[in-house]
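Report on one structure; see the data block that follows.
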Amino acid sequence: MLDFLMLGYFGTQPATPGKTMMAQFGTIYYFSYFLLIMPFVHKFEKSKPVPERVTGGH
């Protein structure tokens, strides 16, 4: 969430070399989370069984 807020802040500020570099690192981190970390987290999660009210109780 902090990365999301940081990118939103830098997106509203005038461009400077330092702010541009911070925004680029933030963008790399943001997308690498979804592309590299999320697929592995999904493999270790355990889902709950579907409730009877959804399956019809059969």
Side-chain angles (χ1 to χ4, degrees):
M1 168 133 180
L2 183 62
D3 189 55
F4 178 77
L5 295 173
M6 181 187 81
L7 289 173
Y9 171 76
F10 286 132
T12 62
Q13 299 302 307
T16 63
K19 290 179 183 176
T20 300
M21 188 180 346
M22 290 293 292
Q24 288 173 342
F25 284 127
T27 302
I28 290 169
Y29 175 79
Y30 183 82
F31 285 107
S32 68
Y33 176 78
F34 291 107
L35 296 174
L36 302 175
I37 297 172
M38 285 298 288
F40 296 109
V41 171
H42 177 70
K43 290 182 180 183
F44 298 110
E45 286 182 337
K46 294 186 179 188
S47 59
K48 296 180 181 179
V50 180
E52 288 186 26
R53 67 180 182 272
V54 175
T55 60
H58 297 287

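Excluded from the calculations below are hydrogen atoms, water molecules and symmetry mates; all remaining heavy atoms, backbone and side chain alike, are included. Because the structure is predicted, anything quoted here is derived from the model rather than measured.
- Scanning all heavy atoms of the two residues, the minimum distance from A15 to T20 falls at CB-OG1, 4.2 Å.
- Within 6.0 Å of CE on M6 lie more than 12 heavy atoms contributed by other residues, nucleotides or ligands.
- For residues 10-33, the ring pair (Phe, Tyr, Trp, His ring centres under 6.0 Å) pairs, not counting sequence neighbours, are Y30-F34.
- Taken to the nearest 0.5 Å, the CG atom of D3 stands 10.5 Å off from the CD1 atom of I28.
- Taken together through direct or relayed side-chain contacts under 4.5 Å among Ile, Leu, Val, Met, Phe, Trp and Tyr, L7 and M38 form part of one hydrophobic cluster.
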